[in-house]
There are 2 protein chains.
Amino acid sequence: MTSHAPTTQRAAQKQESKNRLLRVASRTLRKLGSTKLSINDVSAQAGLTHGAFYAHFKNKKDLLRQAFHAAFDHRDTWLATASAPTPKQRKAQLIANYLTPEHRDHPENGCAFAACAHDIAKAGAEEKSAFETELKTSLARVEELLSEAKLGAKSREKSENEKAEAINLISTCVGAILLSRAVEDPHFSQSILTAARDISGAPNKGK
Amino acid sequence: MTSHAPTTQRAAQKQESKNRLLRVASRTLRKLGSTKLSINDVSAQAGLTHGAFYAHFKNKKDLLRQAFHAAFDHRDTWLATASAPTPKQRKAQLIANYLTPEHRDHPENGCAFAACAHDIAKAGAEEKSAFETELKTSLARVEELLSEAKLGAKSREKSENEKAEAINLISTCVGAILLSRAVEDPHFSQSILTAARDISGAPNKGK
DNA sequence: AGTTTCATATGATAATTATCATATGAAATA
DNA sequence: TATTTCATATGATAATTATCATATGAAACT
């Protein structure tokens with residue numbers, strides 16, 4: 001039996017409660033940040049009282065750790081949108097599907113790098129290591145999508161270039177979405193999103 | 001007489017106290033964020049008690065507003081580092097002088113866009129408007145540095161391109177510095193900074 | 001059925017924090 | 001010098017919050 005297939009009814013109920021707590025926490029973490037995430041609120045939104053919380057998590061830090069991990073629920077969906085035949089096209093797809101108004105307006109469902117980088121930067125080594133692991137995972141996936149195909153053993157230098165390209169892609173996406181969320185004028189906000197999409201694949205756009 | 005030249009000794013002393021409060025708050029805001037900035041701590045670090053605080057600021061929100069504005073103290077210094085003859089070189093300078101280990105390790109002296117975007121995104125319309133104003137100011141300065149010279153009236157399309165280029169420059173810088181602060185491994189962190197610098201001016205680096 | 005287990009609830013505690021009312025003592029002014 | 005002003009300090013209050021001790025009631029097991 002796996003941890004996802006509890007035997008008794010009570011265990012199943014407990015697992016569901018924990019799942020609800022984690023889902024609420026993962027969304028609240030991205031929307032409000034770790035400091036404004038309150039165990040009272042999360043528990044209440046999950047349909048529990050604050051006392052029940054400690055039957056599921058050791059403490060707030062424990063919750064935050066698991067909630068952060070759960071916050072990568074939509075990474076695969078995003079990566080799957082990059083389905084075009086060429087690397088350049090796939091890069092443009094990744095950027096275009098990241099820098100959307102929906103993503104900007106709903107951080108609770110969005111990228112955990114953008115939502116949590118600031119929090120994690122102020123946290124401890126454990127949190128940074130967890131962030132690093134997730135970031136490396138995403139980078140590896142993006143690098144694949146930016147590479148021509150199963151690249152042979154010859155192109156070592158090119159792979160280095162692709163590494164930097166993948167990092168820059170994520171840096172630009174994270175920076176742009178954060179800036180777009182921090183301004184008031186919707187048109188200006190949109191122009192921040194659009195700027196990255198415009199330059200994405202083609203440095204000399206129309207020509 | 002300006003607001004910086006108080007007449008009486010008491011007024012001067014009060015101004016100095018407010019300056020200390022603002023300086024401490026501006027640094028704390030960038031280092032810890034608005035939520036973890038406590039009026040007690042800021043007042044104490046400025047050599048005052050918490051009670052004295054309210055003789056200088058209406059409330060915490062008022063302090064945060066002024067502290068955010070004060071957090072752009074080093075913008076001119078940064079922009080002045082872009083002194084090379086060509087736009088491409090100046091772009092590379094801006095990026096290289098932003099994405100440094102010192103900047104990464106000392107957010108309290110660094111870019112307020114990177115330090116506060118996350119906070120402001122969760123704040124109200126007033127805060128977003130203030131952020132927007134500062135961002136537009138920086139963008140205008142960067143656009144100048146990225147343009148060939150006093151561009152004549154002819155190049156309208158080019159100016160649009162430069163607008164997007166300036167936005168992307170700041171997006172990438174903000175994203176990269178935030179990511180570099182959120183990972184544990186110093187080498188990996190460095191590679192995040194370096195990636196943007198490498199690609200900065202020259203898409204085909206060494207060739 | 002009787003007993004045990006345990007998921008959740010209730011209630012309490014301690015810490016932090018923003019804010020304000022009032023006190024104090026020194027500078028400004030008459 | 002006497003009086004007023006006011007920059008700062010002291011002390012109090014109310015709200016929020018993390019955490020834990022204990023209670024409860026239903027499921028699980030004998």
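When reading the values below, keep in mind they use all heavy atoms of this one structure, side chains included, and skip hydrogens, waters and symmetry mates. Convention: sequence-line order gives letters A, B, ...; per-chain numbering from 1.
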Asker: Among all residues two or more places apart in sequence or in another chain, which pass the side-chain contact (heavy atoms from CB on, under 4.5 Å) test with Ala182(A)?
Answerer: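 Listed in chain order: Ala117(B), Ile120(B), Phe131(B).
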Asker: In whole angstrom, what separates Gln13(B)'s CD from dG25(C)'s P?
Answerer: 16 Å
Asker: Whole angstroms only, please: what is the CG-P distance between Leu37(B) and dT17(C)?
Answerer: 10 Å
Asker: Does dT22(D) have a Watson-Crick or wobble mate here (both distances under 3.5 Å), and if so which one?
Answerer: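 Pairing partner, where one exists within any strand: dA9(C).
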Asker: Nearest to the side chain of Ile39(B), which nucleotide is it out of dT17(C), dT19(C), dT8(D)?
Answerer: dT19(C)
Asker: Tell me which residues in residues 44-71 of chain A put a heavy atom below 4.0 Å from DNA chain C, sorted by number, or none.
Answerer: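 Contacts with DNA chain C under 4.0 Å: Leu48(A), Thr49(A), His50(A), Gly51(A), Ala52(A), Ala55(A), His56(A).
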Asker: May I ask you to verify if any side-chain N or O of Ser17(B) is less than 4.0 angstrom from the OP1 or OP2 atom of dA7(D)?
Answerer: no
Asker: Tell me, please, which residues at least two apart from Gln66(B) pass side chain to side chain donor-acceptor pair (under 3.5 Å).
Answerer: Lys18(B), Asp62(B)
Asker: Check Ile177(A), Thr194(A), Ile192(A) against Leu99(A) for a side chain to side chain contact (heavy atoms under 4.5 Å, CB included) and give me the one that passes.
Answerer: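 Passing option: Ile177(A).
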Asker: What is the distance, rounded to the nearest whole Å, between atom CG of Asn19(B) and atom P of dA7(D)?
Answerer: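 Taking atom P of dA7(D) as the reference, CG of Asn19(B) is at 14 Å.
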Asker: Can you list everything that forms a ring-ring contact (aromatic ring centres under 6.0 Å, His included) with Tyr54(A)? Sequence neighbours excluded, please.
Answerer: none
Asker: Can you tell me how far P of dA9(C) sits from CG of Asn40(A), to the nearest Å?
Answerer: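 From Asn40(A) CG to dA9(C) P: 12 Å.
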Asker: Going by the rule ring-ring contact (aromatic ring centres under 6.0 Å, His included), which residues pair with His103(B) if we only count those two or more places apart in sequence or in a different chain?
Answerer: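 With sequence neighbours excluded, His103(B) shows a ring-ring contact (aromatic ring centres under 6.0 Å, His included) to Tyr98(B), given in chain and number order.
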Asker: Could you give all pairs that pass the side-chain hydrogen bond (donor to acceptor under 3.5 Å, both in side chains) test and reach residues 170-189 of chain B, with sequence neighbours left out?
Answerer: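 Listed once each, the pairs are Thr172(A)-Thr172(B), Arg104(B)-Ser189(B).
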Asker: Let me know, please, whether Lys18(A) or Ser34(B) comes out on the 5' side of the other along DNA chain C by nearest nucleotide.
Answerer: Lys18(A)
Asker: May I have the distance from Lys36(A) (atom NZ) to dT16(D) (atom P), rounded to whole angstrom?
Answerer: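 So the NZ-P distance, Lys36(A) to dT16(D), works out to 13 Å.
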